[in-house]
Amino acid sequence: QVQLVESGGGLVQPGGSLRLSCAASGSLVSINAMGWYRQAPGKERELVAAITSGSNTNYADSVKGRFTISRDNAKNTVYLQMNSLKPEDTAVYYCNAKGVVFKVAGNLRYGVDYWGKGTLVTVSS
């Protein structure tokens, strides 16, 4: 199986910073793309940032210039550095992995989409 585990969420004041981490585990061969989504109460889940194995990145307009996504392919880990946080950034942040190749009993398997359980980020004074 493939599992994603997020960490780093918490309570921070406006203007503060947090760093989220997501580690993928299992007998992994490759992950094409990893990203962060968020969902605030009463709102739809939205893409925050994504990064490919080749380090191409994409950001939502609302976070561009404030957030930075990065990944360590060797560790199958993706990070989200969040600076200048605003109250509207408050949400549950979910780690996502797309195009995952992994092994089961020595056999290659392919998974299209995997999700972590989420970590809560609260920005409030």
Side-chain angles (χ1 to χ4, degrees):
Q1 292 184 342
V2 177
Q3 292 183 319
L4 303 176
V5 180
E6 303 101 332
S7 62
L11 174 65
V12 65
Q13 293 185 333
S17 298
L18 284 174
R19 182 177 174 86
L20 305 183
S21 298
C22 172
S25 63
S27 298
L28 299 170
V29 176
S30 64
I31 302 174
N32 184 60
M34 301 186 75
W36 292 93
Y37 292 72
R38 69 185 181 188
Q39 187 167 20
K43 299 182 67 176
E44 298 292 321
R45 184 176 298 187
E46 64 175 351
L47 174 68
V48 178
I51 186 168
T52 69
S53 60
S55 296
N56 293 317
T57 59
N58 186 39
Y59 296 92
D61 289 339
S62 60
V63 307
K64 201 166 188 176
R66 299 188 297 121
F67 292 9
T68 302
I69 190 169
S70 61
R71 67 185 286 176
D72 185 334
N73 291 332
K75 296 180 178 179
N76 295 311
T77 300
V78 64
Y79 307 93
L80 185 67
Q81 179 66 47
M82 304 184 294
N83 299 326
S84 302
L85 284 162
K86 304 174 181 179
E88 51 263 44
D89 294 318
T90 296
V92 177
Y93 285 71
Y94 296 91
C95 180
N96 173 257
K98 297 184 184 298
V100 182
V101 178
F102 59 100
K103 289 185 177 180
V104 177
N107 298 313
L108 292 177
R109 301 285 183 88
Y110 177 80
V112 176
D113 211 3
Y114 292 90
W115 294 91
K117 295 181 180 179
T119 184
L120 177 63
V121 173
T122 302
V123 184
S124 177
S125 60

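Just so you know, these numbers use all the heavy atoms, side chains as well, and skip hydrogens, waters and symmetry mates. Since the model is a prediction, treat every value here as computed from it, not as a measurement.
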(request) Working to the nearest 0.5 Å, report the span between OG of Ser30 and CG of Asn73. (result)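 With rounding to 0.5 Å, OG (Ser30) is 9.5 Å from CG (Asn73).
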(request) Report the distance from atom CG of Asn96 to atom CG of Leu4, rounding to the nearest 0.5 Å. (result)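 Result: 7.5 Å between the selected atoms.
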(request) Name all pairs fulfilling the disulfide bond (SG atoms under 2.5 Å apart) condition that reach into residues 32-78, sequence neighbours left out, sorted by first residue then second. (result)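 Counting only pairs at least two positions apart or across chains, no disulfide bond (SG atoms under 2.5 Å apart) contact touches residues 32-78.
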Do the side chain of [X] and the main chain of [Y] share a donor and acceptor less than 3.5 angstrom apart?
X     : Y      : value
Glu46 : Arg38  : no
Glu6  : Lys117 : yes
Asn76 : Ala24  : no
Tyr59 : Ile69  : yes

(request) Using the side-chain hydrogen bond (donor to acceptor under 3.5 Å, both in side chains) rule, take Ser17 and Asn83 through it: C-alpha gap first, then chi angles, then the decisive distance, then the call. (result) CA-CA 4 Å; Ser17 298; Asn83 299 326; 2.9 Å; yes
(message) Against Tyr93, only a single residue in Leu120, Leu20, Leu18 fulfils side chain to side chain contact (heavy atoms under 4.5 Å, CB included); can you say which?
(response)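 Exactly one pass, corresponding to Leu20.
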(request) Using the side-chain hydrogen bond (donor to acceptor under 3.5 Å, both in side chains) rule, take Arg109 and Asn107 through it: C-alpha gap first, then chi angles, then the decisive distance, then the call. (result) CA-CA 6 Å; Arg109 301 285 183 88; Asn107 298 313; over 6 Å; no
(message) Give me the atom names and distance for the closest heavy-atom approach of Val123 to Thr90.
(response)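 Closest pair (atom of Val123, atom of Thr90, distance): N-OG1, 2.9 Å.
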(message) Give me the atom names and distance for the closest heavy-atom approach of Tyr79 to Ser21.
(response)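 The pair with the smallest heavy-atom distance is CD2-OG, 3.3 Å.
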(message) Within the structure provided, determine whether Ser25 and Val5 are in side-chain contact (heavy-atom separation under 4.5 Å).
(response)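 No, side chains not in contact.
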(message) Do Trp36 and Met82 make a side-chain contact, defined as non-hydrogen atoms from C-beta onward lying under 4.5 Å apart?
(response)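 Heavy-atom side-chain distance check fails, nothing below 4.5 Å.
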